[in-house]
Student: 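Sharing a structure here in C-alpha cells format.
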Amino acid sequence: MLDPFAPGLSVAEADRLHAHLRAAGQVVEATDADGLRVWIITRYDDVSRLLADPGIVNVRPGGPSGSPGLPLPPALARNLLNMVPDDHRRVRALAAPAFSRRRIGAVRQMVTARVDGLLNELDPNETGVVDLFPAYASPLPADIIAEILGVTDTDADEFRTAAATVMAMNPGEPTADDPRIPAMTTIVLVLMRVIAAKRKSPGDDVITDWITARDAEDRLTEEELISLAFLTFLAGFENSVYQIANAIGILAGLDRDQLLVEIADDQLWRARVKQLVLDAAPGSYAIRRFPIDDITVGGTRIPAGSPLYLSLRAATNDPARGERPDLAFGRGPHYCLGADLAVMQLDIATRHLFQRHPGLSLVKPWETLDRRHTWRTHGPTEMPVNLT
C-alpha cells in the first residue's frame with residue numbers, strides 16, 4: 001500500500017494517495033511517522049462528522065499525546081492544539097477577535113500594499129529568471145501576520161527562521177545535536193522579548209490585546225499567552241506560504257488568455273480563488289485527534305485514545321461530497337481562525353502577480369521542483385520563473 005505519511009509529495013501525488021486511501025475503505029489502519037499505530041479517515045461524511053464531534057479531542061484522554069517525537073517546551077505547549085475542551089473554548093474566545101471579518105477587512109489595504117511592494121522588488125537575474133518562493137510567496141504571509149500581531153521585522157525574521165528549522169523536519173526522536181532544540185529555545189526567547197516590549201510600550205495590535213487579557217483581566221496564564229502568540233504566528237505564515245506557492249504553480253499551467261479573462265471579472269475570479277483554496281491546500285490532515293470513548297466508523301471499532309488522522313484533503317475531494325461545504329479549513333471547534341485572512345492573501349497575491357506579469361512561466365516542470373521533505377505540508381521550496 002502507498003505510504004500515507006510519505007514525505008516530499010507534490011499536491012498531485014497527495015491527491016492520488018488519498019484517492020487510493022478513500023478506495024481502500026472508510027478506515028485505513030497505518031503506522032505514522034512516529035511509528036504509532038493510527039487510524040486514517042478519508043471520506044467526507046465521516047471526516048465532517050468527526051470534526052464536529054465533541055467526543056473527538058486534541059489531547060489524548062488520561063495521558064500524553066502519544067507522540068514519541070520532539071516535545072514542545074512548556075512555554076509553547078499550552079497552545080490551542082494541545083488543550084482540553086474547556087481551556088480551548090476560553091483561549092479561542094480570546095484569540096478570535098484578532099481574526100474577525102471586520103479586523104481582517106481593515107488590513108486588506110495593507111496586504112495589497114505589501115504584495116505590490118514585493119512585486120516592485122522582484123529582481124530577475126541576467127537570464128530574466130527570479131525565484132518567487134523566497135522573493136514573494138515566503139515573505140508575504142510572515143510580513144502580514146507580524147503586522148497584525150505587532151511584531152517588528154527583526155523579531156519576525158528571527159522567529160520565521162527558527163520556526164522553519166522546527167517545521168522542516170518530520171516528527172521523530174530528537175538527537176543530542178537536533179537543530180530543532182535550539183530553534184525552539186530561540187522561538188521562546190523571541191516571543192518573551194516581544195511580549196516584554198509590548199508591556200513596556202503597548203500598541204494597537206493583537207499581542208497588546210492579549211497582554212491585557214493576561215495582566216489586567218487574568219484570563220490567560222503566561223504560558224498560554226506565549227503559546228497563543230507562537231501558534232498564531234506559525235499558523236499565520238506556514239500554510240499560507242505553501243498555499244500561495246502551490247496556487248502560482250497551478251495558475252502558471254492554465255490557458256493564459258482564459259486566466260486573464262477571469263482576473264478581469266470579479267465573479268469569475270472569486271470562483272477561481274474558491275477552487276484554489278481546495279486545489280492548492282498544502283496540508284493533508286487535521287491535527288491528530290483522539291476519541292474519548294470507543295467509536296465505530298464503517299464497521300471498524302477504534303479504541304478510546306487511539307490516534308486519528310482526519311484527512312481534510314481526501315474528504316474535500318471525495319466525489320460523494322457533492323455541493324456540500326468543503327473542509328479545507330476544518331470544521332467545528334477547531335475551524336481555522338485565520339481562514340478569511342488566508343483566502344484574502346491568496347486572492348491578492350495571485351491576482352496582482354498575474355496582472356503585473358501575464359506572461360509568467362515556470363522555468364522547470366512543476367513536478368521536478370525541490371519540495372519540502374515532510375508529510376505534513378505539500379509544497380515547493382523553489383519557484384524559478386520567467387516573468388515575461
Student: State whether the number of non-hydrogen atoms from other residues, nucleotides or ligands found under 6.0 Å of Lys274 atom NZ is greater than 12.
Tutor: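 No, not enclosed.
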
Student: Considering only NZ, NE, NH1 and NH2 on the basic side and carboxylate oxygens on the acidic side, decide whether Asp266 and Arg351 come within less than 4.0 Å.
Tutor: yes

Student: Within the structure provided, determine whether Tyr242 and Val11 are in side-chain contact (heavy-atom separation under 4.5 Å).
Tutor: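 Side-chain contact under 4.5 Å: no.
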
Student: Could you check whether Asp279 and Gln275, counting side-chain N and O atoms only, form a donor-acceptor pair closer than 3.5 Å?
Tutor: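 Indeed, the side chains of Gln275 and Asp279 share at least one donor-acceptor pair under 3.5 Å.
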
Student: Can you see which heavy atom on Pro179 is nearest to which on Thr165, and at what distance?
Tutor: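 The answer is O-CG2, 3.7 Å.
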
Student: Between the side chains of Ser284 and His378, is a donor N or O closer than 3.5 angstrom to an acceptor N or O?
Tutor: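 Judged by distance alone, the side chains do pair up.
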
Student: Within the distance-only criterion (no hydrogens, no angle test), does the side chain of Asp294 pair as donor or acceptor with the backbone N or O of Pro303 below 3.5 angstrom?
Tutor: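 Looks like no, no N/O pair under 3.5 Å.
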
Student: Measure the spacing between CZ of Arg160 and CD1 of Ile145 and express it to the nearest 0.5 Å.
Tutor: 13.0 Å

Student: Could you tell me if the side chain of Pro384 sits less than 4.5 Å from the side chain of Leu369, heavy atoms only?
Tutor: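 The answer is yes, as the side chains (C-beta and beyond) meet within the 4.5 Å cut-off.
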
Student: List the atom of Ile302, the atom of Ser306, and the distance in Å for their closest heavy-atom pair.
Tutor: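 Of all heavy-atom pairs spanning Ile302 and Ser306, the closest is CG2-CB, 3.7 Å.
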
Student: What's the verdict on salt bridge (Lys or Arg N to Asp or Glu O under 4.0 Å) for Glu238 and Arg376, showing C-alpha distance, side-chain angles and the deciding distance?
Tutor: CA-CA 11 Å; Glu238 179 69 16; Arg376 285 177 300 224; over 6 Å; no

Student: Parallel under 30°, tilted from 30 to 60°, perpendicular over 60°: which one fits the rings of Phe237 and Phe159?
Tutor: perpendicular

Student: Decide yes or no on side-chain contact (heavy atoms from CB on, under 4.5 Å) for Leu189 and Glu158, but give the supporting numbers first.
Tutor: CA-CA 10 Å; Leu189 293 175; Glu158 193 171 357; over 6 Å; no

Student: Taking the side chain as every heavy atom from C-beta outward, state whether Phe233 and Ile187 have any atom pair closer than 4.5 Å.
Tutor: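 Side chain of Phe233 against side chain of Ile187, heavy atoms only: no contact under 4.5 Å found.
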
Student: Are any side-chain N or O atoms of Thr374 and backbone N or O atoms of Thr377, one a donor and one an acceptor, separated by less than 3.5 Å?
Tutor: no

Student: Locate the shortest heavy-atom distance separating Ala247 from Leu346; write the atom from each residue and the value.
Tutor: CB-CD1, 3.5 Å

Student: Evaluate Asp215 against Lys198 for salt bridge (Lys or Arg N to Asp or Glu O under 4.0 Å), listing each step before the verdict.
Tutor: CA-CA 12 Å; Asp215 295 354; Lys198 293 296 178 186; over 6 Å; no

Student: Side chains of Ser10 and Arg371: do they bring a donor and an acceptor to under 3.5 Å?
Tutor: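 Distance-only check fails for Ser10 and Arg371.
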
Student: Treat each ILVMFWY residue as a node, draw an edge where side-chain heavy atoms are under 4.5 Å apart, and state whether Trp375 and Leu310 are in one component.
Tutor: no

Student: For the CZ atom of Arg214 and the CD1 atom of Ile226, what is their distance to the nearest 0.5 Å?
Tutor: 9.0 Å

Student: Once you round to the nearest 0.5 Å, how far does NE2 of His352 lie from CG of Leu119?
Tutor: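 Rounded to the nearest 0.5 Å, the NE2-CG separation comes to 8.5 Å.
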
Student: Step by step, would you call Arg356 with Asn120 a side-chain hydrogen bond (donor to acceptor under 3.5 Å, both in side chains)?
Tutor: CA-CA 10 Å; Arg356 185 85 68 94; Asn120 291 338; 2.9 Å; yes

Student: Applying the side chain to side chain contact (heavy atoms under 4.5 Å, CB included) criterion to Asn82, which one of Val84, Asn79, Leu80 satisfies it?
Tutor: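 Only one of Val84, Asn79, Leu80 forms a side chain to side chain contact (heavy atoms under 4.5 Å, CB included) with Asn82, namely Asn79.
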
Student: Please check this pair: side chain of Asn317 against backbone of Arg313, looking for a donor-acceptor N/O pair closer than 3.5 Å.
Tutor: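 Present.
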
Student: Quick check on Asp153: does its CG atom have over 12 non-hydrogen neighbours (other residues, nucleotides or ligands) under 6.0 Å away?
Tutor: no

Student: Report yes or no: does Arg256 contribute a side-chain atom to a donor-acceptor pair with the main-chain N or O of Pro358 at less than 3.5 Å?
Tutor: yes

Student: If I take atom CG from residue Leu81 and atom CG from residue Leu231, how far apart are they, to the nearest 0.5 angstrom?
Tutor: 4.5 Å

Student: Is it the case that the side chain of Asn386 and the backbone of Ser361 share a donor-acceptor pair, with hydrogens and angles ignored and the cut-off at 3.5 Å?
Tutor: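 Checked: no pair found.
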
Student: Exactly one of Glu224, Glu223, Glu222 should register a side chain to side chain donor-acceptor pair (under 3.5 Å) with Arg78. Which one does?
Tutor: Glu224

Student: Measure from the side-chain N and O atoms of Thr42 to the backbone N and O of Ser311, and report whether any donor-acceptor pair falls under 3.5 Å.
Tutor: no

Student: Quick one: CG on Leu36 to CZ on Arg288, what's the gap to the nearest 0.5 Å?
Tutor: 5.5 Å

Student: Mind checking whether Gln345 and Arg114 have side chains closer than 4.5 Å, heavy atoms only?
Tutor: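 The answer is no; the side chains never approach within 4.5 Å.
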
Student: To the nearest 0.5 Å, what is the distance between CH2 on Trp39 and CG on Asp32?
Tutor: 11.0 Å

Student: What verdict does the side-chain contact (heavy atoms from CB on, under 4.5 Å) test give for Phe99 and Val206, after you've listed the backbone C-alpha separation in whole Å, the side-chain angles of each residue and the deciding distance to 0.1 Å?
Tutor: CA-CA 9 Å; Phe99 298 99; Val206 169; over 6 Å; no

Student: Is there a continuous path of hydrophobic side-chain contacts, each under 4.5 Å between heavy atoms, that joins Leu337 to Phe230?
Tutor: yes

Student: Please check if Leu387 and Tyr136 belong to a single hydrophobic cluster, counting links between Ile, Leu, Val, Met, Phe, Trp and Tyr side chain heavy atoms closer than 4.5 Å.
Tutor: yes

Student: Can Ile295 be reached from Ile287 by stepping across I, L, V, M, F, W or Y side chains whose heavy atoms are under 4.5 Å apart?
Tutor: no

Student: Looking at every non-hydrogen atom in both residues, tell me the closest pair between Glu147 and Met110 and how far apart they are.
Tutor: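 Here Glu147 and Met110 meet closest at CG-CE, 3.3 Å.
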
Student: Over all heavy atoms of both residues, which pair between Ala328 and Val277 is shortest? Give the atoms and the distance, please.
Tutor: CB-CG1, 3.8 Å

Student: With no hydrogens and no angle check, is any side-chain donor or acceptor of Arg289 less than 3.5 Å from a backbone partner on Leu308?
Tutor: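 No, because the side chain of Arg289 does not come within donor-acceptor range (under 3.5 Å) of the backbone of Leu308.
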
Student: With a cut-off of 6.0 Å (strictly less than), are more than 12 heavy atoms of other residues, nucleotides or ligands near CD of Gln267?
Tutor: no

Student: Apply salt bridge (Lys or Arg N to Asp or Glu O under 4.0 Å) to the pair Asp45 and Arg43, showing each step before the final yes or no.
Tutor: CA-CA 6 Å; Asp45 286 343; Arg43 297 184 183 177; over 6 Å; no

Student: Please check: side-chain N/O of Asp46 versus main-chain N/O of Ile41, any donor-acceptor pairing under 3.5 Å?
Tutor: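 Checked: no pair found.
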
Student: Within the structure provided, determine whether Trp366 and Met383 are in side-chain contact (heavy-atom separation under 4.5 Å).
Tutor: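 They are in side-chain contact.
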
Student: Tell me if a side-chain donor or acceptor on Arg90 pairs with a main-chain N or O of Arg219 at a distance below 3.5 Å.
Tutor: yes

Student: Do Val91 and Tyr335 belong to the same hydrophobic cluster, where Ile, Leu, Val, Met, Phe, Trp and Tyr are linked whenever their side-chain heavy atoms lie under 4.5 Å apart, directly or via other members?
Tutor: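 Same cluster: Val91 reaches Tyr335 through Ile, Leu, Val, Met, Phe, Trp or Tyr contacts under 4.5 Å.
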
Student: Can you check whether Ile211's main-chain N or O pairs, donor with acceptor, with Arg199's side chain at less than 3.5 Å?
Tutor: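 Answer holds: no.
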
Student: Do Thr300 and Val297 come within less than 4.5 Å of each other through their side chains, counting heavy atoms only?
Tutor: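 Not in contact.
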
Student: Thinking salt bridges, do Arg108 and Asp347 make one under a 4.0 Å N-O criterion?
Tutor: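 Looking at Asp347 together with Arg108, the answer is yes, because their closest N to O distance falls below 4.0 Å.
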
Student: Report yes if some heavy atom in the side chain of Ile244 is under 4.5 Å from a heavy atom in the side chain of Pro141; otherwise report no.
Tutor: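 Yes, their side chains come closer than 4.5 Å.
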
Student: Could you tell me if the side chain of Arg16 sits less than 4.5 Å from the side chain of Leu9, heavy atoms only?
Tutor: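 No. Closest side-chain heavy atoms not under 4.5 Å.
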
Student: For a quick test of reading the model, state the closest non-hydrogen atom pair linking Pro365 to Thr368 and the distance between them.
Tutor: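 Looking at all heavy atoms of both residues, the closest pair is O-OG1, 2.8 Å.
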
Student: Using the side-chain contact (heavy atoms from CB on, under 4.5 Å) rule, take Ile195 and Trp210 through it: C-alpha gap first, then chi angles, then the decisive distance, then the call.
Tutor: CA-CA 10 Å; Ile195 291 168; Trp210 292 340; over 6 Å; no

Student: Start with the C-alpha gap between Thr161 and Thr186, add the side-chain angles, then the distance that decides, and say whether side-chain contact (heavy atoms from CB on, under 4.5 Å) holds.
Tutor: CA-CA 10 Å; Thr161 300; Thr186 296; over 6 Å; no

